[in-house]
There are 2 protein chains.
Amino acid sequence: MTSLPTPVTLADVARSAGVSKMTVSNVINNKPGMSEETRLRVQRAIEATGYVSNAAARLLTGKRANMIGVLTPRLNWPFVTEILQSASTVAEAEGLNLAIFTTASNPTLERERAMLLRTLADGVLLVIPSADEHQVFGNVVPVVTLGAYGERTVKVDNFEGARLAVRHLIELGHTRIAHVHGQHNDLRDAAEREQGFVSALEEAGLDVLPGYLQDGEFSEEGGRRAAHALLTLPDAPTAIFAANDRSAIGVMEAAAQLGLRVPHDLSVVGFDDIHAAAYTDPPLTTVRQPLQQMGEKAARVLIDLMRGETGVEQHVLFPASLVVRQSTAVPRAHQEVRVSP
Amino acid sequence: MTSLPTPVTLADVARSAGVSKMTVSNVINNKPGMSEETRLRVQRAIEATGYVSNAAARLLTGKRANMIGVLTPRLNWPFVTEILQSASTVAEAEGLNLAIFTTASNPTLERERAMLLRTLADGVLLVIPSADEHQVFGNVVPVVTLGAYGERTVKVDNFEGARLAVRHLIELGHTRIAHVHGQHNDLRDAAEREQGFVSALEEAGLDVLPGYLQDGEFSEEGGRRAAHALLTLPDAPTAIFAANDRSAIGVMEAAAQLGLRVPHDLSVVGFDDIHAAAYTDPPLTTVRQPLQQMGEKAARVLIDLMRGETGVEQHVLFPASLVVRQSTAVPRAHQEVRVSP
DNA sequence: TTGTATGCGTTATCAA
DNA sequence: TTGATAACGCATACAA
């Protein structure tokens, strides 16, 4: 084991400089009122000893940690990383540390880490938390949620976003439209997108056909499975709206495996507009969430809260927008009708 | 501002339960030797008061924080997130918290955050650190680096990986092969891949033609610029090896803009095998880094170090492998020769 | 089985 | 302009 050398403390520096601990502390915190001479002597002693302040001790005296804590289920979801990257840029600009912890959507871990942040962080950002995760913080620490639950939330308009996607398909002439939804358990996003799907169909006088709702679990693998089930139906859909881009990619893979061409034989729409969506084959038509703006906004709201500002927005809803690429087209039947009227 | 209610401390719980602080502490830490009755009474008091232990205070007494600190330049690089996701899975399984901080490759931030981790973390994982970042930790805290610098490193064999890519192009018949490299400043990876490129050419008796080394900055935008410069050369290359997948994607975009078809008019090879590489058009031939394994291994080595195990590996080098997809083919001249021999 | 005294490294307070 | 003392919340060591 690398031997841990005795950490240098304030007392060590004080002894080395021949002053008291308080003088050293005051030099470090740029307190006014001391002779240039001692200030210099202390500074030299700090350098010489290689002193580093102990965060725990400072925290204990009630000093702020300048830290925003983040709880997120995972790290390798583009949704998460895009948002956190921009949030971290804002935090850095404000001189705040952003500390990110993963919870794996595991209630025990969530609780444990939340407890830690309660004492370590000055503010907390929750990314797609489970239903009650935010309650842990009571009002000990200001909290902003990127997702559905909580008193302060920043999210995209899932309902209207889904309607945008489905209306696009309807306008192209599709009537047999299926939905690959996300997990329902405690992710309200999945439910809201599904509701938007149903609403758009109803508005156009269309029905949700039997078996036309399949769980894609927000993943490629889930999307593949769901699409396989849909496309082998006796009355298969001509268009699929997937609840996110990852499951949409799975849908496209399944279609290819079954020998269907996108968009000729099947139109596919995703949700999120992750980076990869522009590079799929064909490029994916999708509903865009302004992830970067959402991350920035969440950080800004939280920082305002931390600074004790009043009248901070409670629920920020970002509009979704449709990005039409090449995975959607007029349904096949229509194409044939046009060729031979 | 949300009013901060007085935090509940051990003393509060003790008073509420009519016992001393130590009894409460002992109950919390599952110390043996106390009547079931008091244990129960204390537990009820804990629940009633909503007590949560203060991490800073515990840290100060020399207790471990059970925390692995991570310093990474950014979050939205696939390289980073894939590695950290698997590292965090390992950490969770071992009951350790993984706290991630971004440095934006900014020396000041790096230093500041490193100082924080020195007292907060039991071990540190550095992701592609700058040359001297690891020195901050001295041997106060065990450190493992994912990248080039440091006493304990986990990385991919950049040199052989690059040779793999270039040999593949040579075997296809290319002779005019260019390299879009990464930033050289303090990222040794970029230099190693470039050296591999040169080495493979030399081995085959080929030259690095004038202007055939362009900086792609490891980004799409940089890749686009570099490719534009290369492809408008009087003696343009028939194949480009890019130092990572993101710049390779930029190369393909530039090629498309110039009306060149990949791989018919230009072969492209990347490095990393990020998720998106499988979904580009055409799917990208690339050198694969086993990111998941690397993240796991780094976490494992660090945890061994933290536990004081002896004989822990110092430098782990993972072999790279070539993933041949559809962005590489026989060069055009060869194709024509074959058609009319 | 339970309680008391002490110390961790820092900062606030107040006295010198 | 500087320094002594107490306090933050917890855990270790030891006493009762």
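All chains are named by letter (A, B, ...) in the order of the sequence lines, taking the proteins before the strands, and each is independently numbered beginning at 1.
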For [X] and [N], what is the distance between atoms [atom1] and [atom2] respectively, to the nearest whole Å?
X: B/Leu116; N: C/dT10; atom1: CG; atom2: P; value: 13 Å
X: B/Leu120; N: C/dC8; atom1: CG; atom2: C1'; value: 15 Å
X: A/Asn26; N: C/dA12; atom1: CG; atom2: P; value: 9 Å
X: A/Asp12; N: C/dG9; atom1: CG; atom2: P; value: 8 Å
X: B/Asn30; N: C/dT1; atom1: CG; atom2: P; value: 16 Å

Phosphate OP1/OP2 of C/dG3 contacted by B/Thr23 side-chain N/O (<4.0 Å): yes
D/dT1 OP1/OP2 closer than 4.0 Å to side-chain N/O of A/Thr38: no
Nearest 0.5 Å, please: how far is [atom2] in [Y] from [atom1] in [X]?
X: A/Ile100; Y: B/Ser88; atom1: CD1; atom2: OG; result: 11.5 Å
X: B/Glu112; Y: A/Asn66; atom1: CD; atom2: CG; result: 8.0 Å
X: A/Met67; Y: A/Leu59; atom1: CE; atom2: CG; result: 8.0 Å

A/Arg152 side chain to A/Val312 backbone, donor-acceptor under 3.5 Å: yes
Test: A/Arg44 and A/Glu47 ion pair at under 4.0 Å: no
Pairing of A/Arg300 and A/Glu309 as salt bridge, 4.0 angstrom limit: no
Sugar-phosphate or base contact per nucleotide [nucleotides 4-11 of chain D; S, B, -; heavy atom under 4.0 Å]: B---BBBB
